[in-house]
Trainee: 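Here you go, one structure.
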Amino acid sequence: MRFLIIIPTLNEKGNIEIIYNKIFKIFKNANILFIDDNSKDGSKDEIIKLKKKNKRVSFIFRKRKLGIGSAHKLGINIGIRRKYRFILTMDCDGTHDPKYIVNMFKAINKNDLVLTNRFLNKNSIKGWEFKRIFITKVRHYLVKIFLGSELDSSGGFRLYDFKKVDYLDIKKAKDNGYSFFIESTILLENRGYKIYEIPINLPARVLGSSKMRFVDLFYGFLTLIKFFYKRLTNKI
Ligand SMILES: Nc1nc2c(ncn2[C@@H]2O[C@H](COP(=O)(O)OP(=O)(O)O)[C@@H](O)[C@H]2O)c(=O)[nH]1
Ligand SMILES: [Mg+2]
(Lines give C-alpha, C1' and ligand atoms only; values in the text may rest on other atoms or scores of the structure.)
(Ligands and ions follow the chains in the order given, each with its own letter.)
Protein backbone atom coordinates (compact mmCIF):
# COMPACT_ATOMS: atom_id res chain seq x y z
CA MET A 1 0.00 0.00 0.00
CA ARG A 2 1.33 3.42 -0.98
CA PHE A 3 1.42 5.96 1.85
CA LEU A 4 3.15 9.11 3.02
CA ILE A 5 4.36 9.97 6.51
CA ILE A 6 4.58 13.67 7.35
CA ILE A 7 7.06 14.55 10.10
CA PRO A 8 7.42 18.16 11.22
CA THR A 9 10.81 18.97 12.70
CA LEU A 10 12.18 21.81 14.74
CA ASN A 11 15.61 21.16 16.22
CA GLU A 12 15.35 17.37 16.29
CA LYS A 13 18.85 16.46 15.09
CA GLY A 14 19.30 13.50 17.44
CA ASN A 15 15.87 12.06 16.69
CA ILE A 16 15.71 12.17 12.89
CA GLU A 17 17.80 9.15 12.01
CA ILE A 18 16.25 7.16 14.86
CA ILE A 19 12.71 7.69 13.60
CA TYR A 20 13.83 7.05 10.01
CA ASN A 21 15.39 3.70 10.98
CA LYS A 22 12.39 2.64 13.05
CA ILE A 23 9.97 3.41 10.23
CA PHE A 24 11.93 1.71 7.46
CA LYS A 25 12.62 -1.32 9.63
CA ILE A 26 8.88 -2.03 9.64
CA PHE A 27 7.77 -0.45 6.36
CA LYS A 28 10.22 -0.72 3.48
CA ASN A 29 7.61 0.94 1.26
CA ALA A 30 7.07 4.02 3.46
CA ASN A 31 7.58 7.51 2.10
CA ILE A 32 8.57 10.29 4.46
CA LEU A 33 8.14 14.02 4.01
CA PHE A 34 9.98 16.10 6.61
CA ILE A 35 8.80 19.67 7.08
CA ASP A 36 11.52 21.62 8.84
CA ASP A 37 11.11 25.18 10.09
CA ASN A 38 14.68 26.38 9.86
CA SER A 39 16.18 24.26 12.62
CA LYS A 40 19.55 25.61 13.69
CA ASP A 41 20.91 22.42 15.22
CA GLY A 42 21.87 20.53 12.05
CA SER A 43 18.50 18.77 11.59
CA LYS A 44 18.46 19.87 7.95
CA ASP A 45 21.82 18.17 7.27
CA GLU A 46 20.49 14.97 8.81
CA ILE A 47 17.44 15.10 6.55
CA ILE A 48 19.55 15.81 3.44
CA LYS A 49 21.79 12.87 4.35
CA LEU A 50 18.77 10.54 4.55
CA LYS A 51 17.35 11.81 1.27
CA LYS A 52 20.66 11.05 -0.45
CA LYS A 53 20.49 7.53 0.96
CA ASN A 54 16.85 6.85 0.20
CA LYS A 55 14.71 8.39 -2.52
CA ARG A 56 11.61 7.69 -0.45
CA VAL A 57 12.62 10.62 1.73
CA SER A 58 11.66 14.15 0.74
CA PHE A 59 11.64 17.44 2.57
CA ILE A 60 10.41 21.00 2.65
CA PHE A 61 12.67 23.48 4.37
CA ARG A 62 10.81 26.59 5.41
CA LYS A 63 12.59 29.83 6.19
CA ARG A 64 11.18 30.33 9.69
CA LYS A 65 9.05 28.78 12.39
CA LEU A 66 5.56 28.73 10.93
CA GLY A 67 4.12 26.28 13.45
CA ILE A 68 3.38 22.59 13.78
CA GLY A 69 -0.22 22.97 12.62
CA SER A 70 0.86 24.80 9.51
CA ALA A 71 3.44 22.06 8.85
CA HIS A 72 0.70 19.42 9.05
CA LYS A 73 -1.57 21.32 6.67
CA LEU A 74 1.22 21.93 4.16
CA GLY A 75 2.38 18.32 4.36
CA ILE A 76 -1.12 17.00 3.82
CA ASN A 77 -1.66 19.38 0.94
CA ILE A 78 1.55 18.24 -0.74
CA GLY A 79 0.68 14.59 -0.08
CA ILE A 80 -2.69 14.98 -1.75
CA ARG A 81 -1.07 16.69 -4.74
CA ARG A 82 1.32 13.77 -4.95
CA LYS A 83 -1.78 11.57 -5.12
CA TYR A 84 -1.38 9.79 -1.80
CA ARG A 85 -4.62 8.34 -0.52
CA PHE A 86 -3.23 7.49 2.92
CA ILE A 87 -1.34 10.17 4.82
CA LEU A 88 0.03 9.59 8.29
CA THR A 89 1.35 12.34 10.53
CA MET A 90 3.65 11.91 13.52
CA ASP A 91 6.11 13.74 15.77
CA CYS A 92 9.84 13.33 15.45
CA ASP A 93 10.51 13.36 19.19
CA GLY A 94 10.52 9.59 19.69
CA THR A 95 7.19 9.55 21.55
CA HIS A 96 5.21 8.25 18.56
CA ASP A 97 6.25 4.65 18.04
CA PRO A 98 5.95 3.49 14.41
CA LYS A 99 4.91 0.02 15.65
CA TYR A 100 1.38 1.39 16.12
CA ILE A 101 1.10 2.18 12.42
CA VAL A 102 0.22 -1.47 11.73
CA ASN A 103 -2.93 -1.22 13.87
CA MET A 104 -3.72 2.20 12.48
CA PHE A 105 -3.79 0.74 8.97
CA LYS A 106 -5.98 -2.15 10.12
CA ALA A 107 -8.49 0.36 11.45
CA ILE A 108 -8.51 2.75 8.52
CA ASN A 109 -10.43 0.36 6.23
CA LYS A 110 -13.65 0.87 8.13
CA ASN A 111 -12.95 4.48 9.13
CA ASP A 112 -12.10 7.86 7.66
CA LEU A 113 -9.50 8.92 10.17
CA VAL A 114 -7.55 7.03 12.83
CA LEU A 115 -6.27 8.87 15.89
CA THR A 116 -4.10 7.60 18.71
CA ASN A 117 -5.35 7.84 22.28
CA ARG A 118 -3.23 8.15 25.43
CA PHE A 119 -6.13 7.65 27.80
CA LEU A 120 -7.31 4.17 26.81
CA ASN A 121 -4.33 2.35 28.33
CA LYS A 122 -3.56 2.75 32.00
CA ASN A 123 -0.20 4.38 32.76
CA SER A 124 0.32 5.18 29.10
CA ILE A 125 2.03 8.48 29.84
CA LYS A 126 4.34 7.13 32.50
CA GLY A 127 7.69 8.88 32.83
CA TRP A 128 6.50 12.36 31.93
CA GLU A 129 7.14 15.16 34.36
CA PHE A 130 4.21 16.01 36.62
CA LYS A 131 3.52 19.37 34.93
CA ARG A 132 3.15 17.69 31.57
CA ILE A 133 0.81 14.96 32.81
CA PHE A 134 -1.26 17.58 34.58
CA ILE A 135 -1.61 19.75 31.45
CA THR A 136 -2.46 16.74 29.27
CA LYS A 137 -5.15 15.47 31.64
CA VAL A 138 -6.71 18.87 32.33
CA ARG A 139 -6.83 19.66 28.60
CA HIS A 140 -8.49 16.31 27.87
CA TYR A 141 -11.02 16.91 30.64
CA LEU A 142 -11.84 20.43 29.42
CA VAL A 143 -12.36 19.22 25.86
CA LYS A 144 -14.75 16.59 27.18
CA ILE A 145 -16.72 18.98 29.40
CA PHE A 146 -16.82 22.03 27.13
CA LEU A 147 -16.69 20.56 23.65
CA GLY A 148 -18.38 17.25 24.34
CA SER A 149 -15.65 15.20 22.70
CA GLU A 150 -14.25 12.04 24.23
CA LEU A 151 -11.49 11.86 21.63
CA ASP A 152 -7.83 12.40 22.46
CA SER A 153 -7.83 15.40 20.19
CA SER A 154 -4.52 17.09 20.91
CA GLY A 155 -2.14 14.52 19.43
CA GLY A 156 -0.49 14.59 16.03
CA PHE A 157 -0.14 10.83 15.48
CA ARG A 158 -2.89 10.22 12.95
CA LEU A 159 -3.78 8.42 9.75
CA TYR A 160 -6.12 9.98 7.20
CA ASP A 161 -7.85 8.33 4.26
CA PHE A 162 -8.12 11.10 1.71
CA LYS A 163 -10.52 9.15 -0.41
CA LYS A 164 -12.96 9.83 2.41
CA VAL A 165 -11.72 12.99 4.11
CA ASP A 166 -11.97 16.29 2.25
CA TYR A 167 -8.84 18.38 2.73
CA LEU A 168 -11.01 21.51 2.79
CA ASP A 169 -12.49 20.27 6.07
CA ILE A 170 -9.00 20.16 7.56
CA LYS A 171 -8.11 23.56 6.17
CA LYS A 172 -11.01 25.00 8.13
CA ALA A 173 -8.87 24.52 11.25
CA LYS A 174 -7.21 27.90 11.14
CA ASP A 175 -4.68 27.56 13.94
CA ASN A 176 -1.13 27.03 12.73
CA GLY A 177 0.30 25.91 16.06
CA TYR A 178 -0.57 23.14 18.48
CA SER A 179 -4.24 24.11 18.68
CA PHE A 180 -4.60 22.89 15.10
CA PHE A 181 -4.98 19.39 16.52
CA ILE A 182 -7.93 20.07 18.80
CA GLU A 183 -9.49 22.39 16.23
CA SER A 184 -9.25 19.94 13.33
CA THR A 185 -10.44 16.99 15.43
CA ILE A 186 -13.51 18.82 16.68
CA LEU A 187 -14.34 20.08 13.18
CA LEU A 188 -13.95 16.64 11.62
CA GLU A 189 -15.93 14.96 14.38
CA ASN A 190 -18.76 17.45 14.00
CA ARG A 191 -18.67 17.06 10.23
CA GLY A 192 -19.61 13.43 10.85
CA TYR A 193 -16.43 11.68 9.76
CA LYS A 194 -15.89 8.19 11.14
CA ILE A 195 -13.02 8.49 13.60
CA TYR A 196 -11.42 5.53 15.34
CA GLU A 197 -8.84 5.58 18.09
CA ILE A 198 -5.94 3.21 18.69
CA PRO A 199 -4.70 2.98 22.27
CA ILE A 200 -1.04 3.94 22.56
CA ASN A 201 1.59 4.34 25.21
CA LEU A 202 3.41 7.63 24.94
CA PRO A 203 6.83 7.43 26.54
CA ALA A 204 8.54 10.64 27.58
CA ARG A 205 10.85 12.34 25.11
CA VAL A 206 14.45 11.22 25.63
CA LEU A 207 16.43 13.43 23.23
CA GLY A 208 15.97 17.15 22.62
CA SER A 209 13.30 19.28 24.23
CA SER A 210 9.63 20.11 23.76
CA LYS A 211 8.89 23.06 21.48
CA MET A 212 5.64 23.81 23.24
CA ARG A 213 5.75 27.21 24.92
CA PHE A 214 3.49 28.90 27.42
CA VAL A 215 1.94 30.95 24.62
CA ASP A 216 0.92 27.68 22.90
CA LEU A 217 -0.96 26.57 26.00
CA PHE A 218 -2.60 29.96 26.17
CA TYR A 219 -3.76 29.72 22.54
CA GLY A 220 -4.98 26.20 23.26
CA PHE A 221 -7.15 27.58 26.01
CA LEU A 222 -8.49 30.32 23.71
CA THR A 223 -9.33 27.67 21.12
CA LEU A 224 -11.36 25.82 23.72
CA ILE A 225 -13.29 28.97 24.62
CA LYS A 226 -13.88 29.83 20.96
CA PHE A 227 -15.26 26.37 20.23
CA PHE A 228 -17.33 26.33 23.38
CA TYR A 229 -18.95 29.57 22.23
CA LYS A 230 -19.51 28.17 18.73
CA ARG A 231 -21.09 25.10 20.28
CA LEU A 232 -23.41 27.19 22.43
CA THR A 233 -24.50 29.21 19.42
CA ASN A 234 -24.91 26.09 17.27
CA LYS A 235 -22.22 27.17 14.81
CA ILE A 236 -20.51 23.77 14.90
N1 LIG B 1 8.12 22.28 11.33
C2 LIG B 1 7.80 22.49 12.62
N3 LIG B 1 7.85 21.48 13.49
C4 LIG B 1 7.53 21.73 14.78
C5 LIG B 1 7.16 23.02 15.26
N6 LIG B 1 6.89 22.93 16.57
C7 LIG B 1 7.11 21.66 16.93
N8 LIG B 1 7.49 20.92 15.86
C9 LIG B 1 7.77 19.48 15.76
O10 LIG B 1 6.55 18.84 16.09
C11 LIG B 1 6.78 17.67 16.85
C12 LIG B 1 6.10 17.79 18.22
O13 LIG B 1 6.70 18.83 18.94
P14 LIG B 1 7.10 18.71 20.46
O15 LIG B 1 8.02 19.80 20.78
O16 LIG B 1 7.57 17.32 20.76
O17 LIG B 1 5.71 18.99 21.15
P18 LIG B 1 5.13 18.26 22.39
O19 LIG B 1 5.11 16.79 22.06
O20 LIG B 1 3.78 18.83 22.56
O21 LIG B 1 6.08 18.58 23.49
C22 LIG B 1 8.29 17.52 16.94
O23 LIG B 1 8.70 16.69 15.89
C24 LIG B 1 8.78 18.95 16.76
O25 LIG B 1 10.08 19.03 16.25
C26 LIG B 1 7.12 24.09 14.29
O27 LIG B 1 6.83 25.24 14.59
N28 LIG B 1 7.44 23.77 13.00
MG1 LIG C 1 6.74 15.80 21.99
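All ligand and atom numbering here is 1-based and tracks the order in the structure. Given the structure is predicted, the values throughout are model-derived calculations rather than measurements.
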Trainee: Go through ligand 1 atom by atom and flag the ones less than 4.0 Å from a non-hydrogen atom of Arg205.
Mentor: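 Every atom of ligand 1 under 4.0 Å from some heavy atom of Arg205: 14 (P), 15 (O), 16 (O).
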
Trainee: Any idea which protein heavy atom is nearest atom 20 (O) of ligand 1, and the distance to it?
Mentor: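 Protein heavy atom at minimum distance: Arg132 NH2, 3.0 Å.
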
Trainee: Which of the numbered atoms in ligand 1 are under 4.0 angstrom from any heavy atom belonging to Tyr178?
Mentor: 6 (N), 7 (C), 13 (O), 14 (P), 15 (O), 17 (O), 20 (O)

Trainee: Has Lys171 got more than 12 heavy atoms of other residues, nucleotides or ligands less than 6.0 Å from its NZ?
Mentor: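 No.
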
Trainee: Which one of Asn38, Leu74, Asp91 has a non-hydrogen atom at the shortest distance from atom 12 (C) of ligand 1?
Mentor: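 Shortest heavy-atom distance from atom 12 (C) of ligand 1: Asp91.
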
Trainee: Do Phe86 and Phe105 have their ring centres less than 6.0 Å from each other?
Mentor: yes

Trainee: Decide whether an N or O pair under 3.5 Å exists between Ser209 and ligand 1.
Mentor: no

Trainee: Do Arg118 and Thr95 pair up side chain to side chain, a donor and an acceptor below 3.5 Å, judged on atom types alone?
Mentor: no

Trainee: I want to know if ligand 1 touches Gly67 in the polar sense, i.e. an N/O pair below 3.5 angstrom.
Mentor: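 Checking ligand 1 against Gly67, an N or O pair does fall under 3.5 Å apart.
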
Trainee: On the six-membered ring of Phe227, is Lys230 placed so that its NZ or CZ lies under 6.0 angstrom from the centre and within 45° of the ring axis?
Mentor: yes

Trainee: Taking atom types as modelled and ignoring hydrogens, do the side chains of Asn176 and Lys73 form a donor-acceptor contact shorter than 3.5 angstrom?
Mentor: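 Yes.
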
Trainee: Please compare Glu12, Lys65, Arg213 and report which has the shortest non-hydrogen distance to atom 27 (O) of ligand 1.
Mentor: Lys65

Trainee: With respect to Asp93, determine whether any N or O atom, backbone or side chain, lies less than 3.5 Å from an N or O atom of ligand 1.
Mentor: yes

Trainee: Count the heavy atoms of every other residue, nucleotide or ligand shown that sit under 6.0 Å from CZ of Arg191, and state whether that count exceeds 12.
Mentor: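 At most 12 heavy atoms, drawn from other residues, nucleotides or ligands, come within 6.0 Å of this atom.
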
Trainee: Considering Ile6, Asp37, Asn11 one by one, which has a heavy atom nearer to atom 2 (C) of ligand 1 than any of the others?
Mentor: Asp37

Trainee: Does ligand 1 come near enough to Ala71 that some N or O of the ligand is less than 3.5 Å from an N or O of the residue?
Mentor: no

Trainee: Looking at Lys172, I want to see if its NZ is surrounded by more than 12 non-hydrogen atoms of other residues, nucleotides or ligands under 6.0 Å.
Mentor: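 Buried by this count: over 12 neighbours within 6.0 Å.
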
Trainee: Cation over ring, Arg85 on Phe3, under 6.0 Å and within 45°?
Mentor: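 Judged by the rule, Arg85 and Phe3 form no cation-pi pair.
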
Trainee: So, 2.8 Å as the limit: is an N/O/S atom of Asp93 located closer than that to the Mg ion (ligand 2)?
Mentor: yes

Trainee: Using distance alone, decide if ligand 1 has a nitrogen or oxygen within less than 3.5 Å of any nitrogen or oxygen in Ser210.
Mentor: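 For ligand 1, there is an N or O atom that lies under 3.5 Å from one belonging to Ser210.
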
